Amino acid sequence: MNRFKLGFVFGLFLLALACNNDDGEVFSPFFSWKDDVQLGHQVNDQIRNDTTGQFPILDEDSFPEAYGHIRRILNTVLESSEIRYKDRFAYDSIKIINDNVLNAFATPGGYIYVYTGLIKYLDSEDHLAGVIGHEVAHAERRHSIKQMEKQYGFALISAVILGNDPSLLAEIVASLAGTLGTLKFSRDNEAESDDYSVRYLSSSDYACNGAAGFFRKLEDEGRCNESGEWLSTHPDPCNRVEAIDNKAGDLGCKTTDLDPGSYQDFINSLP
Ligand SMILES: [Zn+2]
């Protein structure tokens, strides 16, 4: 076989890999969902062991009621039949960070962090369910690892997964938390996560356009162009309300919020 033919066959091989992962969808040809879990595990360890005070995690033993609420909301989102990695990703490890910023993020492999500032800012449990649905979608659709592979390349991300590049790991943690703007989700990833948030909530009792509630409130308060944390990794928040509402219209799902009483109980259970 000459060099050209060899190259052609190798190209076909890569294409076959790219098209035939365990989900039958085109994802990274190099990283499987198990790599997402492993990378998420590294990121999660880094956050738990952080000594700089950036991630003041709310202690679950001291605030069992707050964790009861957030797990109940997350589990409702995860009941959607569209969730693929419920038993394989680390959704059970959800943590609340006691910091008054409007932020939430998900690592590859489904470690989710929600800040008390965001929980208290929202007016309804439906809106928090919508934001959690959006973060679950980033994990489920494996947006971060694909973005990281594009940005840093296969070799560097492999080293992080194996625990061999602590400085890049620290950079990735900062990017995911939005304190360092080196890793931005693309507009397509954002639109896809909004879309999936509506789909996940459509089979629940929540208003399926819950994610739009957060953006609507920012718009009402004239905070659409604010920077920092969630807003730095999620550009143009206020331009997304219409698409979310349109998706809810397409699916014909319920768009009225639940009674706000139980959500106030959640807020009252926070420090
Ligand atoms: Zn997002």
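In each ligand, atom 1 is the first atom listed, and ligand 1 is the first ligand listed. These numbers were taken from a predicted model, which means no experiment stands behind them.
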Peer 1: With no hydrogens and no angle check, do the side chains of His69 and Glu125 hold a donor and an acceptor under 3.5 Å apart?
Peer 2: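 No, Glu125 and His69 have no side-chain donor paired with an acceptor closer than 3.5 Å.
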Peer 1: Without placing hydrogens or testing angles, list every side-chain donor-acceptor pair under 3.5 Å for residues 263-271, not counting sequence neighbours.
Peer 2:
| from | atom 1 | to | atom 2 | distance (Å) |
| --- | --- | --- | --- | --- |
| Tyr263 | OH | Ile119 | O | 2.4 |
| Asn268 | ND2 | Gln264 | O | 3.3 |
| Ser269 | OG | Phe266 | O | 2.6 |

Peer 1: List the atom pairs, with distances to 0.1 Å, where a side-chain N or O of residues 253-260 and a protein N or O form a donor-acceptor pair under 3.5 Å, not counting sequence neighbours.
Peer 2:
| from | atom 1 | to | atom 2 | distance (Å) |
| --- | --- | --- | --- | --- |
| Lys254 | NZ | Asp205 | O | 2.5 |
| Lys254 | NZ | Thr256 | O | 2.9 |
| Asp257 | OD2 | His127 | NE2 | 3.0 |
| Asp259 | OD2 | Gly261 | N | 3.4 |

Peer 1: So that I can check it, does any N, O or S atom in His143 come closer than 2.8 Å to the Zn ion (ligand 1)?
Peer 2: no
Peer 1: Any N/O/S atom from Asp194 (main chain or side chain) under 2.8 Å of the Zn ion (ligand 1)?
Peer 2: no
Peer 1: Would you name the N/O/S atom of His134 that lies closest to the Zn ion (ligand 1)?
Peer 2: NE2
Peer 1: Heavy-atom count check: over 12 atoms from other residues, nucleotides or ligands less than 6.0 Å from Lys120 NZ?
Peer 2: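 Result for NZ/Lys120: enclosed.
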